[in-house]
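Following: one structure in structure tokens, then a few remarks.
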Amino acid sequence: MRENPDYNDLYYQNTTTYSQIIDIVTKRVVPLSELAAPIDWVAFFGNAYPVEIEIGFGKGRFLLEASKRHPRVNYIGVERARKYVELTRERFEKHIRHFGVDRASGTFSNVRLAWTDANYFVTRYVPSSSVQAYHIYFPDPWPKKRQRKRRIFRNQDFLAALTATLKSDGGRLYIATDYKAYFAEIQERLSQVNPLRLVADNLGPDRDIATNFEMKYTLEGREIYRAIYERF
Ligand SMILES: C[S@@+](CC[C@H](N)C(=O)[O-])C[C@H]1O[C@@H](n2cnc3c(N)ncnc32)[C@H](O)[C@@H]1O
């Protein structure tokens with residue numbers, strides 16, 4: 001795999017040393033390196049439900065709500081910051097302590113936390129044409145000029161892998177940001193990615209679930225920019 005010269009990210013370089021996947025219900029933690037790549041989703045989840053991946057889940061609000069409300073969708077949350085992985089895991093565990101695991105739906109047996117770099121995960125572990133939806137909400141905007149090369153949407157290998165791993169018959173990429181200039185850049189870059197097309201912009205949050213950043217920015221009265229792309 002060609003390394004992207006504009007993406008000299010320390011996290012990515014260190015990724016292999018810590019990457020792991022956490023099953024919240026069984027508490028099993030598996031180093032990513034022990035999984036055969038690409039991951040066979042049916043064997044991994046034990047069912048053939050569609051797979052959705054949230055990249056950079058932060059404090060995990062979307063992941064928790066979406067996986068709870070949609071037990072017949074498998075969710076993988078990818079986050080590289082250890083403190084957010086731990087915080088989100090605690091959040092799920094707290095929810096289970098308070099509300100238990102619903103036997104019928106097996107609450108949260110459909111979700112895994114992947115502590116790793118999204119580019120590393122998507123390019124190596126996600127099979128082609130296998131993902132029903134990616135959710136990328138409030139990606140770090142890296143506003144300083146010298147840091148902009150870190151923007152995840154600037155990484156061509158990542159964009160190519162995102163597209164190739166979406167289901168070819170309508171797999172979707174959901175995006176939200178409060179950063180207007182970055183939103184324009186994302187739209188510009190994605191307009192050049194084939195086979196991906198813009199299907200909607202400026203709707204409400206997907207499934208009506210706001211992320212932590214969305215809640216905070218909405219309270220502050222900031223405008224939120226959103227788009228949905230679809231692989232065709
Ligand atoms: C601005 S926060 C948004 C968090 C959450 N999506 C929300 O809306 O509340 C961006 C998150 O993406 C994570 N992140 C950034 N780049 C990443 C990457 N390459 N792989 C995995 N996570 C990443 C950061 O650690 C951070 O938690």
Side-chain angles (χ1 to χ4, degrees), residues 1 3-4 6-22 32 52-67 75-92 111-126 131 133-144 147-162 165 173-183 185-186 189 203-220 222-228:
M1 169 73 55
E3 296 303 325
N4 193 315
D6 292 334
Y7 193 73
N8 292 320
D9 202 328
L10 188 66
Y11 287 98
Y12 181 82
Q13 287 156 25
N14 290 335
T15 295
T16 44
T17 58
Y18 64 76
S19 289
Q20 51 187 236
I21 292 213
I22 303 161
L32 210 48
E52 301 201 5
I53 300 181
E54 183 183 12
I55 289 176
F57 58 72
K59 295 182 182 173
R61 188 174 190 278
F62 175 82
L63 196 61
L64 190 149
E65 285 299 321
S67 58
Y75 286 91
I76 302 251
V78 183
E79 172 58 61
R80 70 182 178 190
R82 180 184 194 152
K83 71 170 181 180
Y84 291 128
V85 175
E86 286 173 353
L87 199 145
T88 296
R89 186 180 183 176
E90 279 162 24
R91 197 171 183 163
F92 273 95
V111 63
R112 302 287 185 282
L113 306 183
W115 175 26
T116 188
D117 177 275
N119 180 38
Y120 179 75
F121 186 73
V122 175
T123 51
R124 283 164 177 73
Y125 286 93
V126 180
V131 177
Y134 280 105
H135 303 268
I136 308 185
Y137 300 132
F138 302 87
D140 294 318
W142 297 109
K144 289 186 185 151
Q147 295 179 333
R148 282 184 204 152
K149 60 177 184 249
R150 297 184 185 176
R151 288 177 172 175
I152 201 162
F153 283 94
R154 283 203 181 181
N155 183 337
Q156 306 269 356
D157 290 339
F158 176 67
L159 297 187
L162 267 191
T165 52
L173 167 60
Y174 293 83
I175 298 164
T177 177
D178 64 308
Y179 208 89
K180 193 174 183 179
Y182 190 21
F183 186 60
E185 178 182 336
I186 292 170
R189 286 182 187 273
L203 305 163
D206 180 40
R207 297 182 172 161
D208 241 357
I209 304 169
T211 68
N212 290 82
F213 266 68
E214 170 134 26
M215 304 265 282
K216 182 173 140 196
Y217 290 155
T218 305
L219 280 174
E220 288 172 10
R222 288 201 212 183
E223 186 157 356
I224 311 288
Y225 307 94
R226 290 173 228 284
I228 303 174

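Whatever order the structure lists them in is the order used to number ligands and atoms, beginning at 1.
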*Under 4.0 Å to a heavy atom of Y84 - the qualifying atoms of ligand 1, by number*: 27 (O)

*For ligand 1, which atoms, with element, lie under 4.0 Å from some heavy atom of A81?*
25 (O)

*Between E65 and R61, is the closest basic N to carboxylate O distance under 4.0 Å?*
no

*asked:* Quick test of your reading of the model: are R226 and E214 salt-bridged, counting only N-O distances below 4.0 Å?
replied: yes

*Check ligand 1 against I152 and write out every atom of the ligand that is under 4.0 Å from a heavy-atom position of the residue.*
19 (N)

*asked:* I'd like to know if I55 contacts ligand 1, where contact means a heavy-atom distance under 4.0 Å to any ligand atom.
replied: no

*Backbone, side chain, both or neither: what part of N119 comes under 4.0 angstrom of ligand 1, heavy atoms only?*
neither

*In sequence, state the C-alpha distance, the side-chain angles, and the governing distance for W115 and L32, and then conclude on side-chain contact (heavy atoms from CB on, under 4.5 Å).*
CA-CA 9 Å; W115 175 26; L32 210 48; over 6 Å; no

_Looking at ligand 1, would I136 count as a contact under a 4.0 Å heavy-atom criterion?_
no

*Checking side chain to side chain contact (heavy atoms under 4.5 Å, CB included) against L173, which of I136, L159, V131, I228 comes through?*
I136

*asked:* Does this structure show an ion pair linking K180 with E223, if we count only N-O contacts that are shorter than 4.0 Å?
replied: no

_So does N119 get a backbone contact from the side chain of D117, meaning a donor-acceptor N/O pair under 3.5 Å?_
yes

*asked:* When you measure from the heavy atoms of D140 to every atom of ligand 1, does any distance fall below 4.0 Å?
replied: yes

*Check: E214 N/O within less than 3.5 Å of ligand 1 N/O*: no

*Heavy atom under 4.0 Å from ligand 1: found in F213's side chain, backbone, both, or neither?*
both

*Could you say whether the N/O atoms of G56 and ligand 1 ever approach to under 3.5 Å?*
yes

*Please test I55 against V122 for side-chain contact (heavy atoms from CB on, under 4.5 Å), starting from the C-alpha separation and ending with a verdict.*
CA-CA 10 Å; I55 289 176; V122 175; 4.2 Å; yes

*Please assess T116 against Y125 for the test side chain to side chain donor-acceptor pair (under 3.5 Å), listing each intermediate value before the final yes or no.*
CA-CA 11 Å; T116 188; Y125 286 93; over 6 Å; no

*Which of the numbered atoms in ligand 1 are below 4.0 angstrom from a heavy atom of N212?*
9 (O)

_Identified ring-ring contact (aromatic ring centres under 6.0 Å, His included) counterpart of F62 within the set F57, F138, Y137_ = Y137

*asked:* Check contact between E79 and ligand 1, using heavy atoms of the residue and a distance below 4.0 angstrom.
replied: yes

*Using a strict 4.0 Å cut-off to heavy atoms of T211, name the atoms of ligand 1 that fall inside it.*
7 (C), 8 (O), 9 (O)

